[in-house]
Amino acid sequence: MASRGRVRAWLSAAVAVIALSAMALIALPSSQVVPPRAPSQGQPLGGVEPAAPAGTDPDRTDAVTTLLARRADSILRRDEAGFLGGIDPQADPAFVESQRALFANLAGVPFDHWSYTLHPDDSLDVSGLAGGAELWAPAVDLRYALGGIDTAPTSRAMGYLFVNRDGVWYLRSDAELAEIGRRTWRGPWDFGPCLVTTTARGLVLAHPGSQPMVDRLVRELDPAVEAVSQVWGGEWTGRVALLLPDGAAEMKALVGPDFPVESVVAVATADRVDTAKRAATGQRVILSPMGSRALSIASLRVVLRHEITHVAARSVTVDGSPMWLLEGFSDYVGYLDSGISLAQGAPDLARQVIDSGPPTALPEDRAFRGKDKELDLAYQQAWSIARFVADRYGQARLVTLYRELGGAGPMSAGDTDDLLRRVLDLDRAGLLREWRTYLIETLG
C-alpha cells in the first residue's frame, strides 16, 4: 500500500473524466493513524486534560495545564489578548506573528470542541537547545471537532516547547522540536484565513481567492452525499468536510509528507479507524489545489462520489481486504448514473479484451501499487468487477459483498471462497469465469 493515490484520465464523448482513488487510506496503515493517548470522557468544550504520573513535577504540570486550558478557552471565546498572553515574551518574533495569524485564521471555522491533552510522562530531552532558561517538552495532543461534522473529537500531536520565565510558564515554540523528532501537526488555519461554507450535508473549508471552486463544491456536495447514501445506506453520519488547500505544502501537511500530492486530484483521509466499534475520527476529503480546479462537472461528480464512498464505508473496512473490491466499489458508486459506459470509462480494459481477451485472473493487490498503465488497468478491472456483480446480482448484493468481504480483512483462499459462495454462490474461480464472460459480452 505504498502508493496512495493516482489520477486516471481519458477523453470520451467530449467529456474529460478524471478519477482518483485513495486506496491506502481506506484503512490507514499504522504509520499514518494518529493513535489516541488515553481518550478522555466528558471533556469540556475547551481545556486540557493532564495525565500526571508519579515522578513528574506537579507544579510544572499544573502550570502548563493551566496555560493550555487558557489557550483553548481563548480560541473558543475569540480572546486574542488571552491567546497571545500565553506566548513567550522572548519568543522568536516570527513565531509570535505566526500565532497571531493562527488566531485570526481560526475565526471563521466552527468548532464543537477544542482542547489539549498533556502527557508530562512523555517528555523529550531538550538540554541541547539554546536559551538559558528552563525548558520543557512534554507530549501535547490537540483535540478538536469541526462543528456539524465530527461526532467525536479527533486528536493530533503538537510539538510544543515551553519555557519558564521568572516562575511563569509560556509557550516558546511549536517548531523547534522538529529537529529532535516531534513535529506539530498543521491544519488549514496554519496556512491562511479559513472560509467555511456550510451545506445541509457538510461544509467546504477553503481560503480567500478560491470562491469559484468553492461554489462548485458547494453545489455538488449534498447531491454527492445523497448519491452515496442511496447505495451504501444510512449507517454513517451522512456529513462530509471538503478541504481545499491553497498549495502543495498545505496538502502535504494534511495528508502526509510522503503522499504524492502532485498525482492526485482528491483523497479521503481519517485520523483513526476503529472497525471493532465501527467508528472513524477526523475524516476529511481533501482536494488537490490544482488538479481539482481542472475537473469538468462530470469529473468532479465522479471524484466526490468515489471519495465520499470511502468516508461512508471506512468504519467497516478492514485493511488487508481485496483492493479490487475496495476500489472497485468506490468507482462503482462514483460512476453510477454518470452516463459513462464501461467502454468509455475503462478504455485500457476494453482494448485488452479486444486485443488479447479478458484478464485471466482477478487483479492482485500489488497491481494497485503499480504505476501508469498497470495502475490504470487495475482500477478499470476493479470497477468492471463491481459493475458485473451489480448487473448480475443487483446492487444490494454488491453492498453485501463489500460489507462481508471488505470487513473481513486478510483471509485464506479457502475462507475467501466460502464467503463468496455465501454471498454470490460463486467461489473465486467461478467469479473469474463469470466476470470474463461479462467482459466479452460488454466490451468484446
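The first residue of the sequence shown is numbered 1, and numbering continues consecutively from there. Because only heavy atoms are used, hydrogens play no part in the values below, and waters and symmetry mates are left out as well, while side chains stay in.
Both cation-pi conditions hold for R78 and F103: the charged atom is under 6.0 angstrom from the six-membered ring centre and inside a 45 degree cone around its axis. Relative to the ring axis of W114, R143 does not place its NZ or CZ within 45° and under 6.0 Å from the centre.
Neither side chain, D376 nor Q380, offers a donor N or O lying under 3.5 Å from an acceptor on the other. At a cut-off of 3.5 Å, with distance as the only test, no side-chain donor of Q90 or Y170 sits close to an acceptor on the other residue. With 3.5 Å as the limit, one finds no donor-acceptor pair spanning the side chains of T199 and R219. Remark: the Y160 side chain and the S173 side chain contain no N/O donor-acceptor pair separated by less than 3.5 Å. Side-chain atoms of T154 and D271 form a donor-acceptor pair, as typed in the model, at a separation below 3.5 Å. Side-chain atoms of H119 and T117 form no donor-acceptor pair, as typed in the model, at a separation below 3.5 Å. Side chains of S412 and D415: a donor-acceptor N/O pair is present below 3.5 angstrom, by distance only. Counted by atom type alone, H310 and Q283 present zero donor-acceptor pairs between their side chains at under 3.5 Å.
Scanning for side chain to side chain donor-acceptor pair (under 3.5 Å) contacts around D92 gives an empty result, with sequence neighbours left out. Partners of R70 according to the side chain to side chain contact (heavy atoms under 4.5 Å, CB included) rule, which considers only residues two or more places apart in sequence or in another chain, are T66.
A centroid separation of less than 6.0 Å is found between the aromatic rings of Y335 and W383. Here the two rings, on W189 and Y144, have centers that are under 6.0 Å apart. The distance between the ring centers of Y379 and F368 falls below 6.0 angstrom.
A donor-acceptor distance shorter than 3.5 angstrom exists from the side chain of S98 to the backbone of F95, with no hydrogens or angles considered. No donor-acceptor pair under 3.5 Å is formed between the side chain of K252 and the backbone N or O of D258. At least one donor-acceptor pair under 3.5 Å links the side chain of S321 to the backbone N or O of G409. The backbone N or O of A145 sits nowhere less than 3.5 Å from a side-chain atom of D112 that would complete a donor-acceptor pair. In this structure, the side chain of E307 does not engage the main chain of V285 through any donor-acceptor pair within 3.5 Å.
The existence of a salt bridge linking R71 and D79 is excluded, since no basic side-chain nitrogen approaches an acidic carboxylate oxygen closer than 4.0 Å. R305 has no carboxylate O lying under 4.0 Å from a charged side-chain N of D337, or vice versa, which leaves the two without a salt bridge. For the pair R156 and D141, the salt-bridge criterion is not met [side-chain N within less than 4.0 Å of a carboxylate O]. By the 4.0 Å N-to-carboxylate-O rule, R284 lies close enough to D150 to be salt-bridged with it. A salt bridge does not link E176 to R182: none of the charged nitrogens lies less than 4.0 Å from a carboxylate oxygen.
Within a 6.0 Å radius of CZ in R186, other residues, nucleotides and ligands contribute more than 12 heavy atoms. Within a 6.0 Å radius of CD in E179, no more than 12 heavy atoms belonging to other residues, nucleotides or ligands are found. More than 12 non-hydrogen atoms from other residues, nucleotides or ligands lie less than 6.0 angstrom from CD of E226. More than 12 heavy atoms of other shown residues, nucleotides or ligands fall within 6.0 angstrom of atom CZ in R165.
When all heavy atoms are compared, the tightest approach of A91 to V96 is CB-CG2, 4.1 Å. When all heavy atoms of G108 and P110 are compared, the pair lying nearest together is O-CD, 3.6 Å. Taking both residues in full, the closest heavy atoms of A248 and P289 are given as N-CG, 4.2 Å, listed atom of the first, atom of the second, then distance. Considering all non-hydrogen atoms of both residues, W185 and D190 come closest at O-OD2, 4.1 Å.
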Check residues 227-234 and write down every donor-acceptor pair under 3.5 Å in which the side-chain atom is one partner and the other belongs to a residue at least two apart or another chain.
{"unit_1": "S229", "atom_1": "OG", "unit_2": "V225", "atom_2": "O", "d": "3.1"}
{"unit_1": "S229", "atom_1": "OG", "unit_2": "W236", "atom_2": "NE1", "d": "3.1"}
{"unit_1": "W232", "atom_1": "NE1", "unit_2": "A312", "atom_2": "O", "d": "3.4"}

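Across L221, D215, V214, a single residue satisfies side-chain contact (heavy atoms from CB on, under 4.5 Å) together with V218, and that is V214.
Annotation: the span from D88 atom CG to F162 atom CZ amounts to 11.5 Å, rounded to 0.5 Å.
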Is there a salt bridge (charged side-chain N to carboxylate O under 4.0 Å, His left out) between E404 and R397 once you walk through the steps? CA-CA 10 Å; E404 293 289 330; R397 195 83 68 89; over 6 Å; no

